[in-house]
Number of protein chains: 2
Amino acid sequence: MKKLVGAALLGQSGGPTSVINASAAGVFLESLKHDEITEIYGAQHGIKGILDENFYDIRKEDVEELERLKYTPSSAIGSVRYKLKDYKKDPTDYNKLLEIFKKYNIRYFFYNGGNDSMDTCLKISKFMKTAGWEMRVVGVPKTIDNDLAGIDHSPGYGSAAKYVATSIMELYLDATVYNTQQFIIVEVMGRNAGWLTAAAALASVGGVKPDLMYLPETPFDMDKFYNQVGELLKTGKSVFVVVSEGIKTAEGKYIPEYETEIARDAFGHANLGGTASVLANHVGEKFGVKTRAIEFSLLQRSAAHIASQTDINEAFKVGQIAVKKAINGTTNKFVGIQRVPGDKYKVKYPLLPLKIVANAERKVPLEWILPDGQGLTQDFIDYALPLIQGETKLEKVNGLPRFAKLNKVLAPKK
Amino acid sequence: MKKLVGAALLGQSGGPTSVINASAAGVFLESLKHDEITEIYGAQHGIKGILDENFYDIRKEDVEELERLKYTPSSAIGSVRYKLKDYKKDPTDYNKLLEIFKKYNIRYFFYNGGNDSMDTCLKISKFMKTAGWEMRVVGVPKTIDNDLAGIDHSPGYGSAAKYVATSIMELYLDATVYNTQQFIIVEVMGRNAGWLTAAAALASVGGVKPDLMYLPETPFDMDKFYNQVGELLKTGKSVFVVVSEGIKTAEGKYIPEYETEIARDAFGHANLGGTASVLANHVGEKFGVKTRAIEFSLLQRSAAHIASQTDINEAFKVGQIAVKKAINGTTNKFVGIQRVPGDKYKVKYPLLPLKIVANAERKVPLEWILPDGQGLTQDFIDYALPLIQGETKLEKVNGLPRFAKLNKVLAPKK
């Protein structure tokens, strides 16, 4: 393979995770090791930063701080939600990218994100090839949703799953403490895939089993739900429910949407709120029980203090491998994670075609979901438990996390 | 002091904290060391469990599990919200208690809770003295609200404060990641005292300063708030606000109450929701900015995985000292925490009269609160920072917390 000399560029895209910066650390620290890489840039806010030529000069950062990125949540150089158009329909952005890549001699492009970001990689890779600009484009996967196709699991999922399972254990102890009955409902992220909600089932390994759990993979039957809750309330005990934000009725309506229509018909006004709070309000009205709706909200994707060290290591690794492989000639691929069969958890990192992940969506297998909100099978537990192992090595100063502090020096515009 | 031989009884009361069980561990493990203590009982659901004679036999527990109580959140033997009446008005409960104390020869009574629980201790102590039943009653303080009078701080506060400060750091990194503007508002517990909301200011030690912070100690001026938010939004940056659930207008109305009236007048229906979500909705409508309201809800008082080891140690100590001092003749007191003056953080545990804490409420000193939501003074940081030091020694199994598992054997009724 011919040596390709030029600048490397990393972009971060989409919703943050606790370990997206661990992948950045992998890309940056590995890039520092290779003579082929002349400059190391971090795009401010992903594609947006590239189009605006806002590049952080990563060589101006302390290596110690780059190491700390492993334990720092969110997207240190800024994220973006920006979907490139089809270049056959509108090549404006692509021509601009080509011009900038040439100007800064960018020969290595790494993009860290979910399905959309892999699609961005694919489009850029194709366009640059057609345009005759030699470069290596490698995707680095991430998402707490764990919905990327073609891989065993996504970096970011393990840490979010550890947060969910731990918090469910703690909340359950709190919520069932009184001698009076309560209805507690927890809402977990995941618009279409229930992986993160399923992680609540891991709490059972620690001795806590939610009474009911609902994933978006199966239709949510409102009447059945009320009946089940009603039966559970008859025991006199508190009832603890976990729902995905994305559960839908058989007609394909999200709960707040569905309820809004009902409410509008009945009272002439909309019932605002998330899935959990809508259901909690209704259970309260129907059964006269004290209710509490809890949303994990942004906490579940940013709680780096309880990240899985397994996840951190893997996130770092996919970044590192992206650079190593690109140096060796790989392009138009993303770094996958595959589980090596055997008793002990072990993974390998194959390079996979971008098109298998771009815009695809992997859901929880239906055979892992028990009927009637009864939780997940042992197969799911066996799958997910290894991903939450290991405690983060996040350093603490003054009793608080010592996250990375970057200098964020913008490279002079050319 | 004459030796008093008999059973010891612990009750847990009020809202849970991450370390209330650490105090239980202190009471139980210390009680095991003293010959004077014949039986060790844990009341199921506090006073309620006493009146129902539901006593867990703590001698039937493994010492190892009692040690693990130090790291287990919530109230392991069950909590209650039950306020004893004035015995001059209605002595029913007290006569029942006397009968039960005699029947089980309960000579040591420890009650772990907040202001109300100290009031319960005071009433029981007085009544038993009048009734001629010799016993030692010692209160053990706890509350995440940190509003107990007469002491430097309450067990439970340090851990909740550590959770708040850490989560604010993490959320801030997440919430400010995009190139698009957002309005994020976080709601922290504390109906009348703003100590826990103030803990968000500790995040500044870690480099994160919320744009605006509002405590219930000062009246909340809605118009001023909108003006301030409007000014901040003009900078183009995301705006990050922290509010106490208990902030009130100058007329003494909580925000959801106040807004409900406004909404009722305007649209004929109530605007439900917590303080943060009400304010977020209004900011969204007024400024057309994307908003997100986050409630820490029960997480802030149950997140034992991020408890402060300083807090755990102190909570254990107040339980331990309660027993030691009771054995030595102390009664009608509670175990306080006082800071020893000097450069290094150090506390002592004086026995204090119950009446100074019963039904009193200690608020954040006004001189520590900066005007116009600008946060807290350095005096507050100096006060609170030592309380969040030290990482919990909570054991993990399978990547999940290994909380105490009690046998919970009920003592036979007499």
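Here is how names work: the chains are called A, B, and so on, in the same order as the sequence lines, proteins then strands, and each is numbered from 1.
- A donor-acceptor pair under 3.5 Å links the side-chain atoms of B:Glu170 to the main chain of A:Ala304, judged by distance alone.
- In this structure, the side chains of A:Lys396 and B:Glu391 come closer than 4.5 Å at one or more pairs of heavy atoms.
- For the atom pair B:Asp174 CG and A:Ile20 CD1, the distance stands at 10.0 Å (nearest 0.5 Å).
- Of all non-hydrogen atoms in B:Pro16 and A:Val177, the two that sit nearest each other are CG-CG1, 3.6 Å.
- Considering only heavy atoms from C-beta on, A:Val208 stays 4.5 Å or farther from B:Phe403 through its side chain.
- Interface remark: of the candidates A:Ala293, A:Gly49, A:Ala203, A:Pro73, A:Pro73 forms the most heavy-atom pairs closer than 4.5 Å to chain B.
- In this structure, the portion of A:Thr72 lying under 4.5 Å from any heavy atom of chain B is its side chain and not its backbone.
- Between B:Leu202 and A:Leu400 the shortest heavy-atom distance is O-CD1, 3.3 Å.
- Distance alone, capped at 3.5 Å, is enough to place a donor-acceptor pair between the A:Gln389 side chain and the B:Asn398 backbone.
- Counting only distance, with no hydrogens or angles, the side chain of B:Lys162 and the backbone of A:Gly399 share a donor-acceptor pair below 3.5 Å.
- Here the CG atom belonging to A:Asn179 is positioned 12.0 Å from the CD1 atom belonging to B:Ile47, to the nearest 0.5 angstrom.
- Contact of A:Val80 with chain B is made through backbone and side chain together, with heavy-atom distances under 4.5 Å.
- With a 4.5 angstrom heavy-atom cutoff, A:Arg402 does not touch chain B via any of its atoms.
- Looking at A:His305 and B:His305, their side chains come closer than 4.5 Å, going by heavy atoms from C-beta outward.
- The part of A:Tyr163 that comes within reach of chain B is its side chain, from C-beta onward, which places non-hydrogen atoms under 4.5 angstrom from that chain.
- Residue A:Tyr82 does not touch chain B at all, counting heavy-atom pairs closer than 4.5 Å.
- Expressed to the nearest 0.5 Å, how far OG of A:Ser302 lies from CE of B:Met169 amounts to 11.5 Å.
- When heavy atoms are compared at a cutoff of 4.5 Å, A:His45 approaches chain B solely by way of its side chain, counted from C-beta outward.
- The closest side-chain heavy-atom distance from A:Leu298 to B:Ile294 is below 4.5 Å.
- Comparing A:Thr176, A:Ile184, A:Leu385, A:Leu299 by heavy-atom pairs within less than 4.5 Å of chain B, the highest count is held by A:Leu299.
- Considering OG1 of B:Thr180 and NZ of A:Lys48, their distance stands at 10.5 Å, rounded to 0.5 Å.
- Residue B:Ser74 comes nearest to A:Leu173 through the heavy atom pair OG-O, 2.7 Å, listed as atom of the first residue, atom of the second, then distance.
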